[in-house]
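One structure below.
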Amino acid sequence: MCCLTLKIKNKEERYLIFKLNKLISICCKYLIMKKIIISLLLLTVGNVFGQRIQFEIKNDSIGNTFSLRTLTNKVLETVVIKEDHFKVDINFEEGYYFLKKEDHFVPLYLKPSDEFTISFDVNNFYNTLAFSGKNADLNTYLLNKKAGFVNEWGALNTYYKRSFYEGTEEDYLKKLDELYKGYYGILFSGTLDEDFVNEEMKNLQYGYYLDILKLEDAKKHYEFTDSIAISKSFLEPLSHLHYDNTLLYEKYPSYRKLSVLKWKKNIENLGDYVKMEDALNSIRTEPLKQRVLWSLYEEMSKDKPAITKTYFKLIKTNAERKDLITKAKEKYDEIKGEEAAKNLERFDYRNIHGEEVKLSEFKGNYIFISAWASWCKKCIKEFKKVQKLQEIFSEKPVVFVGVSLDKQEDFEKWRNVIKENSLENVGEQLFFKGDKSKFIQAYDVSGIPGYFILSLKGKKLEYSAGSISVKKIRKLLERELSTSN
């Protein structure tokens, strides 16, 4: 409350001071109310003058949706298509965003009071995507930056065209400098909004560093036959950057891509699962950490079965989104299935007669494999249980196989142990031919005696080291046989 304090000499002065204080009080109340009203008006104005975006869409179905998202992929607005031409009113803070339509991510820069039109044909998305209206030039500029990544079929590639990466590191830097000189030329032309220019200049800096980091991957992608390894001096500018800045990750599209790629590469190069997980958990920006996991999912491939298993384990343990875990499991199971079928053909074995055998000869049956060695007395005792299981499933499509992991020079010793212990008819006794470490890695054999079961297509269903549980194996096989009929 406002008031006035003075020394009072007589009654007249006291009355005047009373009136003056009352007047000041009324004025203060008025000023406070005025401030509140102005604040409300500003808030109202902000709501009224948000962004109005008109969409003109061809060849899409009524009821389909797309979304407007933050750079961290948070959905801010889900848009339902009700007709070919429609408007959407939003009130986003100024900055970079994405429009996500199916698998397409369109960069946007939104300012207060924007009114522009986005048009596209769903059947030829990037070749027909266009902006028009107030501040459309900002988004047209962002769209044109994508032009170098659109292939002849209208799809968006991860890399520039192959010719862009031909030549030496110096040649590549010259091409980059020329490309970015064009971008800066547009920014300095004086035709674009000043606030956008300031933000985009920072975004371009991170984009340039991103292109430097992508060179090695691009050369691998296009299968260059010259040296793919990138020199330390070429990558040296990247050593001065910090790749875990939450503010930058949420604000600049290029920093987001740069930080994700850098962390992914760091994790890939570690090799060891424990070290990989430690590196992943050292990321303090949680949306960045989760996006790195998505990037590892994208790297899961049938050409890299071992690393695929590691990435799936990282995702399963650390991913927040269930859909990522589900997708990773589906991909892992598919890759694992293909790899399992290959393993049936991949390895060579010899039977007790010295004849070459492959596990693919038993395809179409469940294959119970006992991993053992001739010097392992416990392994030999376990074959009594194998014999019992063989009798139980004698009329079923189940084959029992013993695979010896003895040294190659111990073939005769192995064959003598089989004869001495009457194991000739306890399953198909096979001697692994070649580097046993490959067999151990393919089937994750952790010790002997050990057993595992392969499905009808060669996929490993069960593994255990140590004693065989007849009851457990019987129950598992009966369940599998009942579901396969």
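Model, not experiment: these values are computed from the prediction.
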Next on the checklist: Regarding Y208 and D177, do their side chains bring together a donor and an acceptor under 3.5 Å, going by distance alone?
Outcome noted: yes
Item to check | Electrostatic pair D333:K329 at N-O distance under 4.0 angstrom | outcome: yes
Next on the checklist: Taking the basic N atoms (NZ, or NE/NH1/NH2) and the acidic carboxylate oxygens, is any pair closer than 4.0 Å for E356 and R350?
Outcome noted: no
Answer yes or no on whether [X] is positioned over the face of [Y], meaning its NZ or CZ is under 6.0 Å from the six-membered ring centre and within 45° of the axis.
X: K145; Y: Y183; value: yes
X: K219; Y: F224; value: yes
X: K58; Y: F120; value: no

Could you check whether the rings of [X] and [Y] sit parallel, tilted or perpendicular, using 30° and 60° as the cut-offs?
X: Y141; Y: F196; result: perpendicular
X: F164; Y: Y160; result: tilted
X: Y172; Y: Y165; result: parallel
X: F347; Y: Y349; result: perpendicular

Donor-acceptor pairs are to be reported for all side-chain atoms of residues 442-451 against protein atoms at under 3.5 Å, with residues two or more places apart or in another chain.
from : atom 1 : to   : atom 2 : distance (Å)
D444 : OD1    : K309 : NZ     : 3.2
D444 : OD2    : K309 : NZ     : 2.6
S446 : OG     : Y463 : OH     : 3.4

Next on the checklist: Going by side chain to side chain donor-acceptor pair (under 3.5 Å), K101 matches just one of N64, D60, T65. Which one?
Outcome noted: D60
Checklist entry - Is the number of heavy atoms from other residues, nucleotides or ligands within 6.0 Å of NZ (K257) greater than 12? => result no
Item to check | Heavy atoms of other groups near K358 NZ, more than 12 under 6.0 Å | outcome: yes
Pairs under 3.5 angstrom only: tabulate donor-acceptor contacts from the side chains of residues 72-84 to other protein residues two or more places apart or in another chain.
from : atom 1 : to  : atom 2 : distance (Å)
T72  : OG1    : T70 : OG1    : 2.9
N73  : OD1    : R69 : NH1    : 3.0

Next on the checklist: According to ring pair (Phe, Tyr, Trp, His ring centres under 6.0 Å), does anything in residues 56-80 pair up with another residue at least two apart or in another chain? List the pairs.
Outcome noted: F55-F66
